[in-house]
Amino acid sequence: MLDIKLLRTEPDIVRENIKKKFQDEKLPLVDEVIALDKEYREAKQKAEGLRNRRNVVSKEIGMLMGQGKKDEAMAKKTEVTDMAAELEALSVKETELEEEIRKRMLVIPNIIDPSVPIGKDDSENVENERFGEPVVPDFEIPYHVDIMEKLDGIELDPARDTSGNGFYYLKGDIARLHSACLSYARDFMIDRGFTYYIPPYMIRSSVVTGVMSFAEMENMMYKIEGEDLYLIGTSEHSMIGKFIDSIIDEDKLPQTLTSYSPCFRKEVGAHGIEERGVYRIHQFEKQEMIVVCKPEDSMKWYDILWKNTVDYFRSLDIPVRTLECCSGDLADLKVKSCDVEAWSPRQKKYFEVGSCSNLGDAQARRLKIRIKGPNGTYLAHTLNNTCVAPPRMLIAFLENNLNEDGSIRIPEALRPYMGGKSVIEVPNK
RNA sequence: GGAGAUGUAUCGAAGUGGUCAUAACGGGGCGCACUCGAAAUGCGUUAGCCCUCCGGGGCUCGUGGGUUCGAAUCCCACCAUCUCCGCCA
């Protein structure tokens, strides 16, 4: 969410930004907000004038009552009663206008960073940099489910019976590999100075509506029946939620956190949920990074965050690239964002395994996350990034570390988490 | 899950319908004075948000409603904490 003062003083910047994001249909909102805001402030001033009068008179009534001057007090009462209706009407108008303004402010996109490439949609995202050689071996790479099944590491049919499509049983060494990736990611991030968190996996509706839009909530979140609780779609929800309406001492910054959680997503209308396998599923696990920092540091942290993910994947011998989100594909709250994509030798292309975002002060403004410094309080900047989401990254892991005989090589870094194993062998039947 | 108690600034806490909400009283922090320095002492200071014609004004006593001319105070709902009982990993 933008600062409304920016719309008052520099509406052209806001309009220009909307155009850059190819959301011209939102252009009228700028003038609407400016007009509503003017009306709102007039109503507010009038209402506050009346409230002031009421407070003063009520105090006088109190004094008169204290002195036993009942008649004079009664006369004053009438004065307050007379303006009650006007005040009530103004209050309602005030609230209504405020809501109308907020409704519009929520959909006016955040000002993007000047470095963001201009483009209409995801087809115009820009490859930034490649890390590692994208190798295609001279033998055929099977579909990830087939690799896993050959290793006796996945059971999809029973999962369909117990839970439906979009769930899975991981088994044996593949399940262990999944957990190893997470444990390794946890230690990897701790080594880089991040504080490890295990957050609540369910959050109240008031937090949900704070951290996402209504449409997102409908399409992503599972609700617990009979309770005011939702299963989190990512640990970012609980991690950012804990900062809602808080003021952080400047010397406690930056907050660099890494959180583990299972993630639950309905994936309503999402492409690929029907696909067999673990690419898009209703339940997965993820190690996440969250940073809350001073405004001047956020771009520095943005670079540190995505590089962490790149380093993590490179330490597992998986080639990756970073793909920068163009203006039109950037979510409204984000200033800048890139995906980390892993190489798939089977598809001979890169696919998304993580997403790094700098939200500037937009999320902080919406959630009232502030910093207290020597010169007053100001809004924080917030960032988040995926370290690893194993079910999906296993696809890249298995494809890139597959031997011709179907066994899987375990990179050095992961061996301590796999009981020292250097290879996952194909079981003899 | 049952019973009871509680929620006021940085902390403890007073206020139980008005003329004591920046909020008594006490502690902590910070600044200044005294001191070679420190302790002790004294003085001062120590929320956030919004509007502003920059004079000021409004809102916030866990949160949201209600009653009232007026609510920290009365009523309702929710949230949280503590104690006891039950249950559980």
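Please read these numbers as outputs of a predicted model, since none were measured by experiment. Excluded from the calculations below are hydrogen atoms, water molecules and symmetry mates; all remaining heavy atoms, backbone and side chain alike, are included. Every chain is numbered from 1 and lettered A, B, ... according to where its sequence line falls, protein lines coming before strand lines.
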Protein-nucleotides 16-20 of chain B N/O pairs under 3.5 Å:
unit_1	atom_1	unit_2	atom_2	d
B/G18	N2	A/Ser58	O	2.9

A/Ser246 (side chain) donor-acceptor with A/Lys242 (main chain) under 3.5 angstrom
no
Check: A/Thr258 side chain, A/Met189 main-chain N or O, donor-acceptor pair, under 3.5 Å:
no
Write down the distance between [atom1] ([X]) and [atom2] ([N]), rounded to a whole number of angstrom.
X	N	atom1	atom2	value
A/Leu50	B/G70	CG	P	13 Å
A/Asp249	B/U46	CG	C1'	13 Å
A/Leu379	B/C49	CG	P	9 Å
A/Glu94	B/C50	CD	C1'	10 Å
A/Leu90	B/C51	CG	P	17 Å
A/Glu88	B/U67	CD	C1'	14 Å
A/Asp228	B/A80	CG	P	10 Å
A/Arg8	B/C50	CZ	P	10 Å

How far does the [atom1] atom of [N] sit from the matching atom of [M], given to the nearest Å?
N	M	atom1	value
B/G28	B/A9	C1'	13 Å
B/G70	B/C78	C1'	26 Å
B/C87	B/A71	C1'	41 Å
B/G58	B/U41	P	40 Å
B/U81	B/G27	P	31 Å
B/C84	B/A89	C1'	22 Å
B/A72	B/U63	P	11 Å
B/U67	B/U10	C1'	35 Å

Set of side chain to side chain donor-acceptor pair (under 3.5 Å) partners for A/Asn400, sequence neighbours left out:
none
Who does [N] pair with, Watson-Crick or G-U, both distances under 3.5 Å?
N	result
B/G12	B/C25
B/A71	none
B/C49	B/G58
B/C32	B/G42
B/A3	B/U83
B/G17	none
B/A89	none
B/A77	B/U63

Using a heavy-atom cut-off of 4.0 Å across all strands, would you classify [X] as base, sugar-phosphate, or nothing?
X	answer
A/Arg365	nothing
A/Lys372	sugar-phosphate
A/Ile247	sugar-phosphate

Those residues that, when tested against A/Met299, pass side-chain contact (heavy atoms from CB on, under 4.5 Å) (two or more places apart)
A/Asp113, A/Tyr302, A/Val335, A/Lys336, A/Asn358
Non-neighbouring partners of A/Arg102 that pass side-chain contact (heavy atoms from CB on, under 4.5 Å), sequence neighbours left out
A/Met1, A/Leu106, A/Arg366
Show me the donor-acceptor pairs, under 3.5 Å and distance only, between side chains in residues 87-94 of chain A and residues at least two apart or in other chains.
unit_1	atom_1	unit_2	atom_2	d
A/Ser91	OG	A/Arg51	NH2	3.2
A/Ser91	OG	A/Leu87	O	2.9
A/Glu94	OE1	A/Arg51	NH2	3.0

Could you pick out which residue, A/Lys5 or A/Arg370, lies toward the 5' side of RNA chain B when each is mapped onto its nearest nucleotide?
A/Arg370
So, are A/Asp146 and A/Lys150 salt-bridged, with charged N and O less than 4.0 Å apart?
no
B/C50 base to A/Gln45 side chain: any donor-acceptor pair below 3.5 Å?
no
If you look only at pairs with a residue in residues 221-263 of chain A, which of them pass as a ring pair (Phe, Tyr, Trp, His ring centres under 6.0 Å), with sequence neighbours excluded?
none
Give every donor-acceptor pair under 3.5 Å between a side-chain atom in residues 176-186 of chain A and any protein atom, sequence neighbours left out.
unit_1	atom_1	unit_2	atom_2	d
A/Ser179	OG	A/Ala175	O	3.2
A/Ser183	OG	A/Ser179	O	3.0
A/Tyr184	OH	A/Ser315	OG	2.5

I'd like to know whether the aromatic ring centres of A/Phe167 and A/His282 sit less than 6.0 Å apart in this structure.
yes
Base orientation of B/G65, chi within 90° of 0 counted as syn, else anti, reads anti
Tell me whether the side-chain N/O atoms of A/Thr78 come closer than 4.0 Å to OP1 or OP2 in B/C69.
no
Can you tell me if A/Lys46 has over 12 outside heavy atoms packed within less than 6.0 Å of its NZ?
no
Could you work out, with salt bridge (charged side-chain N to carboxylate O under 4.0 Å, His left out) as the rule, every residue matching A/Lys171, not counting sequence neighbours?
A/Asp152, A/Glu155
So if I define the base as every atom that isn't primed, P, OP1 or OP2, how would nucleotides 55-64 of chain B read as a B/S/- string at a heavy-atom cutoff under 4.0 Å?
--BSS-----
